Amino acid sequence: MKIPARYAQITFAFFMSMLMAFIMSAVLTLVNLGPVADFPVRWMRAFAIAWACAFPTVLLVSPIARRLVAMVVGTSDKGR
């Protein structure tokens, strides 16, 4: 079963925030602690906290980001 297309934006925000929080929490946990024995546990804790912040942030910030992109990206190829 697929999610209806009208939920595409929230689904995108869900997956984007999850993947970004997953990768960034791993990098920052490793940078701050090094390769410690309990790294996976600490990483997953950091990931849970990061994702709880990232998902609503993506939902709130994405309209602003879209407007900024529209301002700096041309819509025609006349200058080529």
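Since we're looking at a predicted model, the values are computed, not measured.
To the nearest 0.5 Å, atoms CZ (Arg66) and CG (Leu68) are separated by 12.0 Å. Here the straight-line distance linking atom CH2 of Trp51 with atom CG of Leu19 works out to 9.0 Å at 0.5 Å rounding.
In Ile10, the CD1 atom is not crowded: 12 or fewer heavy atoms of neighbouring residues, nucleotides or ligands sit closer than 6.0 Å. Under a cut-off of 6.0 angstrom, the local environment of OH in Tyr7 is sparse, with at most 12 non-hydrogen atoms contributed by other residues, nucleotides or ligands. Heavy atoms from other residues, nucleotides or ligands lying under 6.0 Å from CD1 of Ile3 number 12 at most.
When all heavy atoms of Pro63 and Leu59 are compared, the pair lying nearest together is CD-O, 3.6 Å.
Transitive grouping of hydrophobic side chains (ILVMFWY, heavy atoms separated by less than 4.5 Å) brings Phe47 and Val36 into a common cluster. A continuous path of hydrophobic side-chain contacts links Met44 to Leu30 [ILVMFWY only; heavy atoms under 4.5 Å]. Residue Phe39 is grouped with residue Leu33 when hydrophobic side chains (ILVMFWY) are merged at heavy-atom distances under 4.5 angstrom, including chains of intermediate members.
A distance-only check finds a donor-acceptor pair linking the side chain of Ser25 to the backbone of Phe22 [under 3.5 Å].
Counting only heavy atoms from C-beta outward, the side chains of Met18 and Phe55 never approach each other to under 4.5 Å.
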